[in-house]
Amino acid sequence: MAEKKLIQGVKGAREFYPAEMALRNYIYDKARQASELYGFLEWDGPFLETIDLYAAKSGDELVKEQAFVFADRGGDLITLRPELTPTLARMVAQKQNELSYPLRWWSFGPFWRYERPQRGRSREFFQWNVDMVGVNSPEADAELIAVAATFLRLSGLGPDKTSILVNNRKLMDQQFSDLGIEPEKRLAISNAVDRRTKMEPDKWDAYVLEIGLTAQQLSGLKAVLGNYDLWKSSEEMVRLMAALVSLGVSEYVKFDPNIMRGLLYYTGTVFEAFDTSGSVKRAIFGGGRYDNLLKEVGGDPLSGVGFAMGDVVVGLILREAGLVAAEDPAPAKVLVTIFNSETYPAAAASSALLRKAGINTLLSPEATKLQKQFKFADKAKVRFVVVQGPDEIAANVASVKDLQNATQVQVPLADLARHIAQGLDPIL
RNA sequence: GAGGCUGUAGCUCAAAGGCAGAGCGCCACACUGUGGAUGUGGAUGUUGAGGGUUCGAAACCGUCCAGCCUCCCCA
């Protein structure tokens, strides 16, 4: 009590108490299942990279303002990775002629971005990345969307709760061109489209006119953004949509001309997933097709398609939807109590028997009152409690209480593990 | 980087310038070989930090720190 001041953790860094760790592992497990169902290989890169790797995309806010950068003892600038794609590009380029294409890789690991922590955003987060490199077809794009949709399905997020919205950069570029919007204004227009849902209609109109569009172009643009059949005029989109039907995931997918994605490197299909039933407005994941992946790190150009999903937003959604309990996990099935200071050897021997049989077993570390040990068992959510007092030890048996139905029986020690295993799984 | 809200017991929150409280949780007992439920009793605070105003501050003022929300950006 003398020292009460707790040393604070790093702002925006994550703390995973057992309940949060269970959620993180749940997301990791579903990501792994979805990835492996499509035959993707797990990989990872270093968490530390030189700043040069990201500086290839100079001018990018991600690097200049959102990266954690520090000097190592030799004075070199080291970056905590803010994203995976540059690492992917480098690692593929290093073995460009050894790898077999199309490459299907997935990864789940930590990333860092120096930004203001808020709902759905922290400075340290885990991200699932999935990429297919070395192929350029709408069917490959569909495959990636299918991996993502499969994750949603495995996680219990059905198409009634989530949607994957898709669009195509080339299609939109054609529309902009048809409207006579000059190429140099298109980036600003893309950003404006991205921001449209967050602004009031009048203000958005004014904002677009300020960029330099004519009133006619504005109304044309709004017609385009309201045309949900626009995809039918794009051969790529038609093939993509057909592939999604064949792959059995089309119920998740909707065409939406308002999906642009801020990142510059997307060149074709783009997509983002949203929670449509809950309170979280941020994208669950986002991705798309990129060309010239390797050019900037010194390799020969390769096309790819990929997406990334952070753990924070999807974690919020899973909790809100009640799909993952906000409780500590309960790996142990049995608590072996210690009756008094003399009976520890018998209790420890019983716990060893159970563990040898593959049963997750807690052993009390000291002989406190049995009542206290039972209360602990209840909180630990174990099913069985084993008691061996002097009577049981003399008879070479153990008392086993089933907390679920409050029954208790005496079992010969030789049958202890089998008895409990059968109680846990009656099929045995 | 910009704006807003909040910070009181382990947790959720009351107290609006005048004695720091409740519920839940925790501990003990009822029940000295047995959990959940119930009852009775008990412990717990530098009111985020350090200053100022005041006879008197949890409250008012400014500083710092932290958390939450929005913008920016994005997973």
Side-chain angles (χ1 to χ4, degrees), chain A residues 1-15 27 31 60-67 81-85 107-130 148 151 191 194-195 198-199 203 260-264 266 271-274 279-288 306-317 335 337-340 343 364 367-393 398-408 410:
Chain A
M1 268 304 188
E3 291 280 328
K4 200 152 183 217
K5 192 141 203 159
L6 285 174
I7 293 170
Q8 278 172 357
V10 174
K11 179 176 181 152
R14 305 283 292 290
E15 296 183 335
I27 294 166
D60 193 347
E61 165 158 355
L62 194 63
V63 181
K64 280 163 72 182
E65 291 177 25
Q66 294 205 340
R81 62 179 187 183
E83 59 165 335
L84 192 61
T85 304
S107 182
F108 186 90
F111 293 85
W112 293 265
R113 288 186 196 172
Y114 195 89
E115 69 178 328
R116 193 134 188 168
Q118 54 188 284
R119 182 167 152 88
R121 286 290 178 269
S122 59
R123 289 184 175 180
E124 185 174 55
F125 56 97
F126 284 76
Q127 197 179 67
W128 177 39
N129 281 268
V130 187
F151 170 87
N191 287 334
D194 254 350
R195 221 174 290 175
K198 289 179 182 173
M199 293 175 74
K203 287 187 179 168
M260 294 301 293
R261 312 230 358 105
L263 294 180
L264 297 171
Y266 290 116
F271 57 96
E272 273 181 340
F274 291 93
S279 69
V280 184
K281 301 300 171 219
R282 290 179 181 279
I284 301 170
F285 54 74
F307 69 88
M309 180 189 81
D311 70 314
V312 183
V313 168
V314 75
L316 282 172
I317 290 167
L335 172 73
T337 59
I338 300 182
F339 189 81
N340 63 36
T343 66
S364 287
T368 56
K369 292 175 69 172
L370 272 187
Q371 180 177 230
K372 205 171 167 185
Q373 297 186 59
F374 269 82
K375 279 191 177 180
F376 180 86
D378 193 52
K379 273 189 237 170
K381 296 195 275 280
V382 302
R383 171 85 182 270
F384 296 100
V385 176
V386 174
V387 179
Q388 280 172 284
D391 300 346
E392 285 89 348
I393 291 172
S399 292
V400 179
K401 183 162 183 178
D402 183 339
L403 295 186
Q404 197 166 296
N405 49 31
T407 57
Q408 182 166 320
Q410 290 202 338

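Hydrogens, waters and symmetry mates are skipped; everything else that's a heavy atom, side chains included, is used. If you're wondering where the values come from, they're calculated on a predicted model, not measured in any experiment. Every chain is numbered from 1, with letters handed out A, B, ... down the list of sequences.
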Restricting to nitrogen or oxygen on both sides, can you table the protein-nucleotides 66-71 of chain B pairs closer than 3.5 Å?
residue : atom : partner : partner atom : Å
C69(B)  : OP2  : R119(A) : N            : 2.2

Sort me out a list of protein N/O and nucleotides 35-39 of chain B N/O pairs below 3.5 Å, or just none if empty.
residue : atom : partner : partner atom : Å
G35(B)  : OP1  : Q371(A) : OE1          : 3.3
G35(B)  : O2'  : D378(A) : OD2          : 3.4
G35(B)  : N7   : K401(A) : NZ           : 3.1
G35(B)  : N1   : L403(A) : O            : 2.5
G35(B)  : N2   : D378(A) : OD1          : 3.1
G35(B)  : N2   : L403(A) : O            : 3.1
G35(B)  : N3   : D378(A) : OD1          : 3.3
G36(B)  : O4'  : D378(A) : OD2          : 3.2

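With hydrogens and angles left out, the side chain of Q408(A) and the base of U34(B) share a donor-acceptor pair within 3.5 Å. Judged by atom type and distance alone, E115(A) reaches the base of A75(B) through a side-chain donor-acceptor pair under 3.5 Å. Checked by distance alone, R121(A) brings a side-chain donor or acceptor within 3.5 Å of a matching partner on the base of C74(B).
Remark: RNA chain B takes part in the stems B:1-7 with B:65-71, B:10-13 with B:21-24, B:26-30 with B:38-42, each of 3 or more antiparallel Watson-Crick or G-U pairs, criterion distances under 3.5 Å.
Using a 4.0 Å heavy-atom criterion, one finds that V313(A) contacts no nucleic acid atom at all. The residue E392(A) sits close to a base: some heavy atom pair falls under 4.0 Å. Within 4.0 Å of A308(A), counting heavy atoms only, lie sugar-phosphate atoms of the nucleic acid but no base atom.
With C1' as the reference atom, U46(B) and A20(B) are 13 Å apart, rounded to whole Å. Taking atom P in both A9(B) and G45(B), one finds a spacing of 11 Å when rounded to whole Å. Atom name P, nucleotides A16(B) and A2(B): the rounded distance is 35 Å, in whole Å. Rounded to whole Å, the C1' atom of A59(B) lies 7 Å from the corresponding atom of G17(B). One P atom belongs to G1(B), the other to U53(B), and the distance between them is 33 Å to the nearest Å. With both ends at atom C1', the span from C65(B) to G56(B) equals 28 Å, rounded to whole Å. Between C26(B) and G48(B), the two C1' atoms lie 24 Å apart (nearest whole Å). Annotation: G52(B) and A57(B) have their C1' atoms spaced 11 Å apart (nearest Å).
The residue among S122(A) and Y114(A) whose nearest nucleotide of RNA chain B is located toward the 5' end is Y114(A).
Separating the CH2 atom of W112(A) from the C1' atom of A75(B) is a distance of 14 Å, rounded to the nearest angstrom. Regarding N129(A), its CG atom lies at a distance of 16 Å from the P atom of C74(B), rounded to whole Å. Rounding to whole angstrom units, CZ of residue F125(A) and P of C73(B) are separated by 17 Å. Put simply, CZ on R81(A) is 13 Å from C1' on A75(B), counting in whole angstrom units. Rounded to whole Å, atom P of C72(B) lies 10 Å from atom CG of N191(A). When the P atom of A75(B) is taken as reference, atom CZ of F274(A) falls 11 Å away, rounded to whole Å. Between the CG atom of N340(A) and the P atom of U34(B) there is a distance of 14 Å, rounded to whole Å. One atom, CZ of F339(A), and another, P of U34(B), lie 9 Å apart when rounded to the nearest Å.
Residues meeting the side chain to side chain donor-acceptor pair (under 3.5 Å) test with E115(A), sequence neighbours left out: none. For R81(A), the salt bridge (charged side-chain N to carboxylate O under 4.0 Å, His left out) test picks out D44(A), with sequence neighbours left out. Qualifying salt bridge (charged side-chain N to carboxylate O under 4.0 Å, His left out) partners for R121(A), counting only residues two or more places apart in sequence or in other chains: none.
Residues F374(A) and V387(A) meet the side-chain proximity criterion, which asks for heavy atoms closer than 4.5 Å. Between Q388(A) and T343(A), every side-chain heavy-atom pair lies at or beyond the 4.5 Å cut-off.
Between S399(A) and Q408(A) the shortest heavy-atom distance is CB-NE2, 3.5 Å. Between N340(A) and P390(A), the shortest heavy-atom distance links the atoms ND2-CG, 4.5 Å. Taking both residues in full, the closest heavy atoms of T337(A) and V386(A) are given as OG1-O, 2.7 Å, listed atom of the first, atom of the second, then distance. When all heavy atoms of P117(A) and G12(A) are compared, the closest pair comes out as CG-CA, 3.9 Å. Closest approach of A148(A) to F285(A), counting heavy atoms only: CB-CZ, 3.3 Å.
Within a 6.0 Å sphere centred on NZ of K381(A), heavy atoms belonging to other residues, nucleotides or ligands number more than 12.
Considering CZ of R113(A) and CZ of R123(A), their distance stands at 13.5 Å, rounded to 0.5 Å. To the nearest 0.5 Å, atom CD of residue Q373(A) and atom OG1 of residue T368(A) are 4.0 Å apart.
Under the stacking criterion of a centre-to-centre distance below 5.5 angstrom and an interplanar angle below 30°, F111(A) is not stacked against the six-membered ring of A75(B).
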